[in-house]
J.: 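I am attaching a structure below and will ask some questions about it afterwards.
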Amino acid sequence: MRRPRTGPGAAALAVTLALAGCTGAAADGAVTVVASTEIIADLVRNVGGDRISVETVVPAGGDPHSYEPTPADAAKVARADAAFTNHLLLEEHSLIKLFDSNVPTGSPNVSLAESAEPYGATLIPLVENLDLDVVWLGLAVRGKGPGRTADVRLSVTAVEGPGRFAAYLTDALGQPRVYYDSADGITDADVAVLPPDAHTHLNWSFGAAGEYRVTMTARVDAGDGSPPRQLGSGTFAFAVGVDPRGALRDGRTTLLDAGHTDLAVDLDTGQVFARTDEQGDIPAGQVVVDVPDRAVEQVPDDARFAFLGAPGTRVWQLPQAVLGKHVHGEIDPHLWQDVRNARAYAEVIADTLAEVDPAGADLYAGNLDRYLGELSTLHTYVGAQLAKVPPDRRNLVTTHDAFGYLASAYGLTIAGFVVPNPAQEPSAAQVTKLTETIRDLRVPAVFVEPQLAARAGVLKRVAADQGVRVCRIYGDAFDHDTTSYVAMMRHNADELLRCLGGER
């Protein structure tokens, strides 16, 4: 049995495994394991073999970013001798709560991405750079607070300004979910809830030009029955369709008019602040956010967006940019796209199963050795296939930002992914930008994930206009054609070579 390399995550895993106590194989001899996704379940089966029984919560072809669990899923998790999630905010927060609330006491509940680093996994930051011509404004929570299942409530408690203020997101099917809306007054319903160390994107809409003041207040609920803890409060200024320098007259010192910024709260200090990529942290009271006239949109003729105003009404809107609910952390959670990280996952799994079921330790160790050999061969194969792609063709355009590890490990470049402006059809400028990326980089193909077909329309249309291929790539889920991790990664390597490496 392998032991982890020493590192900051080793102690946390050791504590988790120590909690296994007397837990062991079920009465029928099989160890019951529950995994959040099919990819994790496949890794567990390869290590556990016939000695374990594996169930998956996210169904075949499902998206772990958005899957909402059911009562049947809770019952499934409650039977687990061991449970595995990916986490690093890959899974929907309600899914993580399901695991943490229902995994039996004494059964290990392991987040593989967070446990794999001392086993040799490499983590990379999640870099978002969409080159918008206005501020890309989100919400964020910094710090872990009382635990990964805590709820951090970011409330709007006051709005001053000449028009209606609203903030909302649009899912992949175009359905808006409103978090803040000043039209009916500010109430307890004007709140967004995030997990610790999380980040999300919203549309920020203003109904008239002028200066606005938006006050945000934060509190954290540990979810353990204790009273919520109040955090801080701060007021952000927005210059909407007016000279933003005028809003600096009240002593504010920093203008935010480009780049990626989050309105954030720190769980340790309680401070509410603007977190920027370029300028660091800025207290709320020193910030003016520019919402220029080029951000003007028309309210679509769609009853779902009536909260913004009458159809055709002008609104100033900072775009959500990434379509759909997109809560994530600062580390890219898709570690398995580098096969070497999947090896680390397998080692964590083997040690966990051996702690739960000591009688099966030798079998798990033998299965692990075999599987590590298979994964080493796979890593070599993926690298060799992608090395055949000419350097000027290694630009990857996909439906979903899930391939940073693949690019980093095997010499690709992430050239773009689908980012239509939610709430309406993508603008001509956005389609032009995607078109220019494909044309200027001479991208020979774009790649669509089977489970994200709803996000692929723009990509397919631009590809058709540019005469480039539309090819299949697997990110977070299998489908009926590909049902194992090894098959998935071999397919991705072969498909990337076929679609990027050949003549158009």
J.: Which atoms form the tightest heavy-atom contact between A445 and C471, and what is the distance?
T.: CB-SG, 4.1 Å
J.: Once you round to the nearest 0.5 Å, how far does CZ of R393 lie from CG of L496?
T.: 13.0 Å
J.: Check step by step if side-chain contact (heavy atoms from CB on, under 4.5 Å) holds for V33 and R45.
T.: CA-CA 9 Å; V33 179; R45 290 188 186 98; over 6 Å; no
J.: Going through the checks in order, is the side-chain contact (heavy atoms from CB on, under 4.5 Å) test met by M489 and H379?
T.: CA-CA 9 Å; M489 294 303 294; H379 173 63; over 6 Å; no
J.: Is a salt bridge present between R51 and D357, judged by a nitrogen-to-oxygen distance below 4.0 Å?
T.: yes
J.: Looking at F447, does the NZ or CZ of R472 lie under 6.0 angstrom from its six-membered ring centre and within 45 degrees of the ring axis?
T.: no
J.: What heavy-atom pair brings V135 and L318 nearest, and what distance separates the two atoms?
T.: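 Answer, listing the atom of V135 first, then L318: O-CD2, 3.8 Å.
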J.: Under 3.5 Å, is there a donor on one side chain and an acceptor on the other for S111 and R148?
T.: yes
J.: Provide the closest heavy-atom pair for L137 versus W204 in the form atom of the first, atom of the second, distance.
T.: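 Nearest pair, atom of L137 first, then W204: O-NE1, 2.8 Å.
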J.: Please examine the side chains of L112 and I349, heavy atoms only from C-beta on, and report whether any two atoms are closer than 4.5 Å.
T.: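 Yes. Closest side-chain heavy atoms under 4.5 Å.
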J.: Please tell me whether Y474 and T482 have a donor and an acceptor in their side chains that are separated by less than 3.5 angstrom.
T.: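 Yes, a side-chain donor-acceptor pair sits under 3.5 Å.
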J.: Please name the pair of heavy atoms, one in N341 and one in A121, separated by the smallest distance, quoted to 0.1 Å.
T.: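 Here N341 and A121 meet closest at OD1-CA, 3.2 Å.
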J.: Are the side chain of Y410 and the backbone of A387 linked by a donor-acceptor contact shorter than 3.5 Å?
T.: no
J.: Using the side-chain contact (heavy atoms from CB on, under 4.5 Å) rule, take V34 and V57 through it: C-alpha gap first, then chi angles, then the decisive distance, then the call.
T.: CA-CA 7 Å; V34 177; V57 173; 3.8 Å; yes
J.: Are any side-chain N or O atoms of S107 and backbone N or O atoms of A80, one a donor and one an acceptor, separated by less than 3.5 Å?
T.: yes
J.: What are the two closest heavy atoms between I40 and S36, and how far apart are they?
T.: CD1-OG, 3.6 Å
J.: Quick check: does any side chain N or O of R469 sit under 3.5 Å from a backbone N or O of P444, one acting as donor and the other as acceptor?
T.: no
J.: Dump the intermediate steps for side-chain hydrogen bond (donor to acceptor under 3.5 Å, both in side chains) on R343 and S376, then the final yes or no.
T.: CA-CA 8 Å; R343 286 174 51 90; S376 292; 2.7 Å; yes
J.: Taking the side chain as every heavy atom from C-beta outward, state whether L406 and D338 have any atom pair closer than 4.5 Å.
T.: no
J.: I'd like to know if the side chain of N102 reaches the main chain of A78, judged simply by a donor and an acceptor atom lying under 3.5 Å from each other, with no hydrogens or angles considered.
T.: no
J.: Hey, are the side chains of V77 and L98 touching, using non-hydrogen atoms and a 4.5 Å cut-off?
T.: yes
J.: Are H87 and F99 an aromatic pair by the rule of ring centers under 6.0 Å?
T.: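 Not close enough - the centres of the two rings lie 6.0 Å or further apart.
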J.: Can you tell me how far apart OG1 (T32) and CD (E55) are? Round to the nearest 0.5 Å.
T.: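 If we round to the nearest 0.5 Å, T32:OG1 and E55:CD are 7.0 Å apart.
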J.: How are the rings of H260 and W136 set relative to one another: parallel (under 30°), tilted (30 to 60°) or perpendicular (over 60°)?
T.: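 The arrangement is parallel - the two ring planes meet at less than 30°.
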J.: Taking the side chain as everything from C-beta on, heavy atoms only, tell me whether E68 gets closer than 4.5 Å to E92.
T.: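 Side chain of E68 against side chain of E92, heavy atoms only: contact under 4.5 Å found.
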J.: For the pair S408 (side chain) and G404 (backbone), establish whether a donor and an acceptor sit closer than 3.5 Å, ignoring hydrogens and angles.
T.: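 No, because the side chain of S408 does not come within donor-acceptor range (under 3.5 Å) of the backbone of G404.
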J.: If you draw a 6.0 Å radius around CG in D281, do more than 12 non-hydrogen atoms from other residues or ligands fall strictly inside?
T.: yes
J.: If you define the side chain from C-beta out and look only at heavy atoms, does anything of Y485 sit under 4.5 Å from L43?
T.: yes
J.: Can you name the closest pair of heavy atoms from A113 and L88 and give their distance?
T.: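 Shortest heavy-atom contact: CB-CD1, 3.5 Å.
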J.: Roughly how far, to the nearest 0.5 Å, is the CD atom of Q466 from the CD atom of E436?
T.: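 That separation rounds to 9.5 Å.
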J.: Could you state the interatomic distance from NZ (K76) to CZ (R79), rounded to the nearest 0.5 Å?
T.: 7.5 Å
J.: Quick one: pull up CG in D476 and NE2 in H334 and give me the separation to the nearest 0.5 Å.
T.: 4.0 Å
J.: Apply the test side-chain contact (heavy atoms from CB on, under 4.5 Å) to residues R142 and L267: give CA-CA distance (whole Å), side-chain angles for both, the deciding distance (0.1 Å), then the verdict.
T.: CA-CA 6 Å; R142 184 163 65 196; L267 290 180; over 6 Å; no
J.: Side chains of D100 and N109: donor-acceptor distance under 3.5 Å anywhere?
T.: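 There is such a pair (donor and acceptor under 3.5 Å, judged by atom type) between the side chains of D100 and N109.
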J.: Go through the side-chain N and O atoms of E91 and T85 and say whether any donor and acceptor fall under 3.5 Å apart.
T.: no
J.: Sequence neighbours excluded, which residues qualify as side-chain contact (heavy atoms from CB on, under 4.5 Å) partners of P59?
T.: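 Only Y67 meet the side-chain contact (heavy atoms from CB on, under 4.5 Å) criterion with P59.
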J.: Do F403 and Q337 touch side chain to side chain, with heavy atoms closer than 4.5 Å?
T.: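 F403 vs Q337: side chains touch.
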J.: Can Y345 and N86 be counted as having a side-chain donor-acceptor contact under 3.5 angstrom?
T.: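 Yes, a side-chain donor-acceptor pair sits under 3.5 Å.
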J.: So, T261 versus R275: side-chain donor-acceptor pair below 3.5 Å or not?
T.: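 Not at all, the side chains of T261 and R275 share no donor-acceptor pair under 3.5 Å.
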J.: Check the side chains of N203 and Y179 for a donor-acceptor pair under 3.5 angstrom, ignoring hydrogens and angles.
T.: no
J.: Would you indicate whether D392, at its atom CG, is surrounded by more than 12 heavy atoms from other residues, nucleotides or ligands within a distance under 6.0 Å?
T.: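 Correct, the count exceeds 12.
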J.: Once you round to the nearest 0.5 Å, how far does CG of D277 lie from CD of Q279?
T.: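 Going from CG on D277 over to CD on Q279, the span is 10.5 Å.
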J.: Can you tell if the side chain of L375 reaches within under 4.5 Å of the side chain of V486, non-hydrogen atoms only?
T.: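 Yes, their side chains come closer than 4.5 Å.
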J.: Between Q385 and D494, is any pair of side-chain heavy atoms under 4.5 Å apart?
T.: yes
